[in-house]
Amino acid sequence: MKIENAVVLVTGANRGIGLAFARELLARGARKVYAGARDPVTVTQAGVQPLRLDVNKPEDVAAAAELATDVTLVINNAGIAQPGGFLAADSEDVARRIFETNFFAVLRMSKAIAPILKANGGGALLNVLSVASWVNGGELAAYSASKSAAWSLTNALRNELALQKTQVLGLHMAYVDTDLTRGFEVPKSSPEEIVKRALDGLESGLDEVLADELTQQVKQGMTAARPSYLPQAS
């Protein structure tokens, strides 16, 4: 899919990776960028169309779909995280809250927008995932589990939407320098470089983008050889 002249809806577009997407889309010649945020006042990027969109509110998603009937690309970027393991006292409440945004909201948005993409020729969905889709060390237990679920959702949507010629891309990366990772003292990529690699992959027709070295190493380790605990062919 080409970005030039595309009409794009970005969730969580008021800061971090979402804001970087909005800026890069405009730079690449997108015809219109709907910048979704819970409070449209927080969208300050020039050249975009602010859109009230709390992805956890079905009425907001329905209203966005009713308005953005010209959309050809949706970037499901909105996400949340909270440190903590599954044995913490509040882990069930935390997991439900994180899954609501990181999984169910992606499903909700995809279902609402898919018919519009079909009517406009197919277009594309780009889901912002994570290296945590494949590894869970326990420090961000519910977040990692939610991204695993969102990865599975992305793969399923790719198959379901193939007949209507909708490209579905999963974007995986490790730590990015945003508000979400402010408390982590680890190497971080810039939102701008992650977004450029994501959109390059989209325009190249890819299904998946591994946007940094750590993510590439983890994925390679998953596929390099059959793990010893799996049954071996005789």
Side-chain angles (χ1 to χ4, degrees), residues 1-14 16-38 40 43 45-55 57-79 105-129 150-151 153-173 191-192 194-209 211:
M1 175 174 181
K2 298 302 180 186
I3 301 304
E4 186 175 6
N5 207 41
V7 178
V8 191
L9 192 162
V10 184
T11 68
N14 56 327
I17 295 174
L19 176 57
F21 265 118
R23 289 172 173 166
E24 185 64 17
L25 289 162
L26 292 172
R28 295 192 186 208
R31 177 157 51 92
K32 184 189 297 184
V33 176
Y34 293 102
R38 286 190 299 266
V43 176
Q45 174 62 41
V48 303
Q49 181 170 329
L51 178 66
R52 183 179 301 279
L53 180 54
D54 183 337
V55 293
K57 292 183 176 180
E59 62 271 24
D60 277 14
V61 173
E66 186 174 347
L67 173 69
T69 56
D70 51 351
V71 72
T72 58
L73 167 62
V74 174
I75 299 178
N76 285 310
N77 163 74
V106 177
L107 174 58
R108 185 178 298 117
M109 281 294 302
S110 301
K111 289 174 65 178
I113 297 296
I116 298 172
L117 296 177
K118 180 179 181 180
N120 293 332
L125 285 173
L126 192 162
N127 291 341
V128 177
L129 304 172
W151 176 46
L153 170 63
T154 300
N155 294 335
L157 288 172
R158 185 177 301 115
N159 290 320
E160 290 193 52
L161 295 175
L163 288 177
Q164 69 173 50
K165 302 186 184 306
T166 297
Q167 180 185 355
V168 179
L169 184 147
L171 169 62
H172 298 266
M173 66 281 186
E192 291 75 19
I194 296 297
V195 162
K196 286 177 181 178
R197 291 170 185 169
L199 295 180
D200 286 347
L202 185 73
E203 292 198 297
S204 296
L206 299 183
D207 292 338
E208 185 173 78
V209 170

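For this chain, numbers begin at 1 and follow the sequence in order.
Looking only at distances, no side-chain donor or acceptor of Arg38 sits under 3.5 Å from a matching main-chain atom of Asp54. Between the side chain of Thr166 and the main chain of Gly123, no donor-acceptor pair closer than 3.5 Å is present. Of the possible donor and acceptor atoms, one in the side chain of Asn77 sits under 3.5 Å from a partner among the backbone N and O of Thr11. The main-chain N or O of Val7 is found under 3.5 Å from a side-chain atom of Thr72 such that the two form a donor-acceptor pair. Checked by atom type and distance alone, the side chain of Asn120 pairs as donor or acceptor with a backbone atom of Thr69 at under 3.5 Å.
Listed here is the closest heavy atom pair of Met1 and Ala6: CE-CB, 3.8 Å. Between Leu51 and Ala64, the shortest heavy-atom distance links the atoms CD2-CB, 3.9 Å. A pairwise comparison of heavy atoms in Gly36 and Leu53 identifies CA-CB, 4.1 Å as the closest pair.
Taking the charged nitrogens against the carboxylate oxygens, Arg52 and Asp60 have no contact shorter than 4.0 Å, which rules out a salt bridge.
Between atom CG of residue Leu157 and atom CG of residue Leu153 there is a gap of 4.5 Å, rounded to the nearest 0.5 Å. To the nearest 0.5 Å, atom CG of residue Asp207 and atom CD of residue Gln167 are 7.0 Å apart.
Between Leu73 and the options Ile3, Leu117, Leu169, Leu9, a side-chain contact (heavy atoms from CB on, under 4.5 Å) holds for only Ile3.
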Please step through salt bridge (Lys or Arg N to Asp or Glu O under 4.0 Å) for the pair Glu24 and Arg28, ending with a clear verdict. CA-CA 6 Å; Glu24 185 64 17; Arg28 295 192 186 208; 2.8 Å; yes

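Side chain to side chain, Thr154 and Asn127 meet the donor-acceptor criterion of an N or O pair below 3.5 Å.
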